[in-house]
Amino acid sequence: MRLDKDYLMELELWSHFELRSLGHKIMPPPPTSAPAPSQAATSAVAPARAVANPTAKTSVAAPSVATPQPAAARQARVDAPMPVDPARLEKISRADWTTLAEISANCTVCTLCKQRKQVVFGVGAQSAQWLFIGEGPGAEEDESGEPFVGQAGKLLDAMLTAAGLQRGREVYIANVVKCRPPGNRTPLPEEAAACAPLLDRQIELIRPKIIVALGRTAIARLTGSEAAMAAVRGRAHTYRNIPVIATYHPAYLLRNLPEKLKAWEDLQLAKRTFSGD
Ligand code: URA
């Protein structure tokens, strides 16, 4: 794995690597002070993006970072009651990318459709080997139509870069729900359930070699586990025979900077799992 001093400093992980003496040959950082947390997120390299949502508009909105949610609202189970429309499920199960994007763009299965500006379908190469799954769009994603473009997205891009990955190249990014939950709250179980067939079909079409679940909502959606992140990270889970690594949501990391080291360790585990080491 590439260990680049600048990226590690950007992620504020440099001191951890210095202290832990991992034996990697990296030059020490210059004597300037490390960037402040907010700068670290905003100064992250933002690589070129491949937008897979044909309906995406572009405009700028205020940064949004999800706020902590009460435990009862944090679940994204798919066993919640949902209106079952067998014809819709059948159509989704056979959909190609164009049809799936159309179905998503016109979806009114749950009430999130009422306040959305746009459906945030997903972004990246349709044959990406890496799939990162977040929770749901925030205000900026709702404006732009692309996942993870706000502050959390900038941190995610920095993390990807540090791991030698790039959005739009070998990485596809999607969310548990494709429409913004009001106030950036955690999606309700019935909302996650309504979106589940769309995400499932996306995963079938992408056929990623590995999935990284960003936060509890994503890992709950993929594995059914509602355990705390501390209990589910550090080992590979599976979703339909695809290895799944759980890590902290970038928005959580923005509020809990010391946890970035754990996220970095999770990415290293994902890299090892990806290469079968
Ligand atoms: N948080 C998410 O989980 N997904 C996004 O797309 C943006 C923020």
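Start at 1 and go down the list; that is how both ligands and their atoms are numbered.
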Going by the salt bridge (Lys or Arg N to Asp or Glu O under 4.0 Å) test, name the single residue among Arg185, Lys114, Arg116, Arg180 that passes it with Glu191.
Arg185
Between the side chain of Lys209 and the main-chain N/O of Gln129, is any donor-acceptor distance below 3.5 Å?
no
As an exercise, identify every atom of ligand 1 less than 4.0 angstrom from a heavy atom of Gly134.
3 (O)
Minimum-distance protein heavy atom relative to atom 2 (C) of ligand 1
Gly136 O, 3.0 Å
For Ile219 and Val244 the tightest heavy-atom approach is CD1-CG1, 3.8 Å
Within the 4.0 Å heavy-atom cut-off, what Glu141 brings close to ligand 1 is side chain
Look at ligand 1 and say whether Gly153 reaches it with a heavy atom at a distance under 4.0 Å.
no
If we only consider heavy atoms of His249, is any one of them less than 4.0 Å away from an atom in ligand 1?
yes
Pro137 N/O to ligand 1 N/O under 3.5 Å:
no
Salt bridge flag under 4.0 Å for residues Glu259 and Arg233:
no
Can you report which non-hydrogen protein atom sits closest to atom 4 (N) of ligand 1, along with the distance?
Asn175 OD1, 2.8 Å
So for Pro147 against ligand 1, with non-hydrogen atoms under 4.0 Å, the contacting part is both
Going by heavy-atom distance to atom 3 (O) of ligand 1, choose the closest among Lys178, Glu135, Arg180, Glu146.
Glu135
If we ignore hydrogens and angles and just use 3.5 Å, is the side chain of Gln202 paired with the main-chain N or O of Leu100 as donor and acceptor?
no
Indicate the ring-plane relationship of Trp97 and Tyr172, choosing parallel, tilted or perpendicular according to the 30° and 60° boundaries.
tilted
Sub-3.5 Å donor-acceptor pair from the side chain of Lys271 to the main-chain atoms of Ala163, do we have one?
yes
